[in-house]
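A short write-up of the structure that comes next.
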Amino acid sequence: MQNEKCVFICADHGLAIIYFLKSQVVNCLLAQGVKVVLLTQDELVEGITENYQQSGLTVVGLRYDECENYARSYHASVQWWLNFLRRVGTSDRINTEAMDSHVRQVEAELQGKQRLVLPFAKSCIRILRKSKAVRKKLIEMQMKFVPSIYSDLFAKYHPDLVVSSTYGWRNDKYLLREAKKHHVKAGTVIVGWDNPSSYGLPSAPLDFAICWSEIQKRELVEGSDWEPEKIKIGGIPSYDGYYSREWLIPQEAYYKLHGLDPKRKLIAYACSFVTFSPNLQNVVALANAVNSGKLKTPAQLLVRLHPNHFLADPLYTREREEILDLASKMPFIHVVEPVALGGNLGNYSGEDMEEKTSMMAHADVFTTVYSTMCVECAIHDKPILSVCMDTPGGWNKAHKFSLALSEIGKWPTHSRFINSKAGRVVFDGEKLIDTLNLYLSDPSLDCAEREKFVQNEITFIDGNASKHTASHILDLLK
């Protein structure tokens, strides 16, 4: 590989930073003499530069202020509606339940004159779901919105390839479109488990995608009309550290860190789906289970708050405080907070992989709400329980859309978890006690199913997804 080869990598959120920097993807590229220009949130440039000092790696800002100004000032309504149609406009040849819920959310939360446009938009969605030609036209229409925010960077670095951690549903859409304007090959890596089934069509006519599995490839081909030869399977580099155990805190040290009792079994709960539903009811049910005397063995509960619990939203803030208050008043209940890196990432920083890894590895039973951590915990071969208890009325606030947890099992990733039988799902306190006792008595239950689930979802279980992914990127540079 010649030294003049250059790749722009867009890593503007925590999961993307893990994918590229905490794995070996960037290191593999640098080792082959590729120059990497990492674009991230402007506030994070200094910190990432300091933490990941490597020859050949340059970190620059994504100029979010300019992106947001363009989105607000130049045909803002048209851009918003085009993005909405892109977000939910895939073919109905794939499971569209997650996107359908987003349509319902927009319908519930839209206010003012925008509501008048919604019936027309829903008609467009019905057409998009059936017509490949219309979907292609929608992608082409987005190329009318290409600000020259990064022209100086293209002129300075002359990239041979642009790789983004989404296919354009964040501000990376402007970078991807500008790459196409400059005739630079551009595409995406799939960072999130649900991305191909939940985030619609690309925001530009892209050249490649690197995904986790054959499942995701099928979703991209059948849902978003990707040409199969443009999709490569690289696994998920973010999980390589689970296999190498490089992030694992020894159990004695981890228990001491959180004041856990080594004589009690550990039930872990990772808050999830907070945007659509409270989690407090699940936490209370688990806390009661631990303290009820109905479990066959003494246990304790460790609750991982969701990053959204730290947003400036009174609903989320209040639930966070209620969970902390519960832990202060009830024995054997402990709380851990995800780490904040800074910028607009909030607590989605990805800076606490040691904490997250150790929580899963040392849990005797892992519980959540269909989180991506179901896949991650299956890698650790721990019993997985999705706790889906409903709160009547959800968040109970006007113009705040809620979903009942008992009704979300049809979402693509949720249904795959259920159908895999890699874990169990409970909807009430009695079933929760029974299933916890089942797993506490025999943690090997569903072991074979967990192994198959992981193989199907992430493909490479050798801890070398970084190398597989980097190899695809290097091939694209040839």
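The shortest distance between side-chain heavy atoms of T188 and I210 does not fall below 4.5 Å. With a 4.5 Å cut-off on side-chain heavy atoms, Y254 and M359 count as touching. Residues E222 and S91 have side chains not in contact (no heavy-atom distance under 4.5 Å, counting atoms from C-beta outward). Counting only heavy atoms from C-beta outward, the side chains of V189 and Y19 approach each other to under 4.5 Å.
For K294, the NZ atom sits in a loose shell: 12 or fewer heavy atoms of surrounding residues, nucleotides or ligands are nearer than 6.0 Å. Annotation for K356: atom NZ counts as buried by contact number, over 12 foreign heavy atoms lying within 6.0 Å.
With 3.5 Å as the limit, one finds a donor-acceptor pair spanning the side chains of R86 and N83. Defined by atom type and a distance below 3.5 Å, a donor-acceptor pair is missing between the side-chain atoms of D194 and T413. Using modelled atom types and a 3.5 Å distance limit, the side chains of D462 and Y243 yield no donor-acceptor pair. For the residue pair T391 and Q281, a side-chain donor N or O sits within less than 3.5 Å of a side-chain acceptor on the partner. Side-chain atoms of Y64 and D12 form a donor-acceptor pair, as typed in the model, at a separation below 3.5 Å.
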Margin query: Go through it in stages, so that I can follow the logic: the residues are Q24 and K467, the test is side chain to side chain contact (heavy atoms under 4.5 Å, CB included), and I'd like the CA-CA distance, side-chain angles, deciding distance and then a yes or no.
Written below: CA-CA 7 Å; Q24 292 299 309; K467 295 180 180 178; 5.6 Å; no
Note to self: Please determine whether side chain to side chain contact (heavy atoms under 4.5 Å, CB included) holds for the pair V335 and I323, giving the CA-CA distance in whole Å, both sets of side-chain angles, and the decisive distance to 0.1 Å.
What the structure shows: CA-CA 8 Å; V335 179; I323 292 172; 4.0 Å; yes
Check: Are W193 and Y370 close enough, and set up right, to give a ring-ring contact (aromatic ring centres under 6.0 Å, His included), and what steps lead you there?
Finding: CA-CA 11 Å; W193 185 31; Y370 298 120; 9.2 Å; no
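A salt bridge does not link K410 to D100: none of the charged side-chain nitrogens sits closer than 4.0 Å to a carboxylate oxygen. Between K232 and D475, none of the side-chain N atoms (NZ, or NE/NH1/NH2) sits under 4.0 Å from a carboxylate O, so this pair counts as no salt bridge. Ionic pairing of D207 and K185 is not present here: no N-O contact between side-chain nitrogen and carboxylate oxygen is shorter than 4.0 angstrom.
A donor-acceptor pair under 3.5 Å links the side-chain atoms of S415 to the main chain of P412, judged by distance alone. In this structure a side-chain-to-backbone donor-acceptor pair under 3.5 Å is missing from D240 to S23. Without hydrogens or angle criteria, D381 side chain to C377 main chain gives no donor-acceptor distance under 3.5 Å. In this structure a side-chain-to-backbone donor-acceptor pair under 3.5 Å is missing from E449 to G423. Although no hydrogens or angles enter the test, the distance criterion places a donor-acceptor pair under 3.5 Å between the side chain of W395 and the main chain of V274. No donor-acceptor distance shorter than 3.5 angstrom exists from the side chain of E457 to the backbone of F453, with no hydrogens or angles considered.
Under the 6.0 Å distance and 45° angle rule, R104 does not count as a cation-pi partner of F401.
A distance below 6.0 Å separates the ring centres of W247 and Y242. Here the two rings, on H309 and Y316, have centers that are 6.0 Å apart or farther.
Interatomic distance, CG of L21 versus CG of L38, reported as 5.5 Å (0.5 Å rounding). Note that CD1 of I236 is 9.0 Å distant from CD1 of I18, once rounded to the nearest 0.5 Å. Note that the OH atom of Y239 and the OG1 atom of T372 stand 5.5 Å from one another [nearest 0.5 Å].
The side-chain contact (heavy atoms from CB on, under 4.5 Å) test with R304 is passed by exactly one of E355, E337, M360: E355.
Ring geometry for Y167 against W169 counts as perpendicular: the plane angle is over 60°, on a 0 to 90° scale with 30° as the lower cut.
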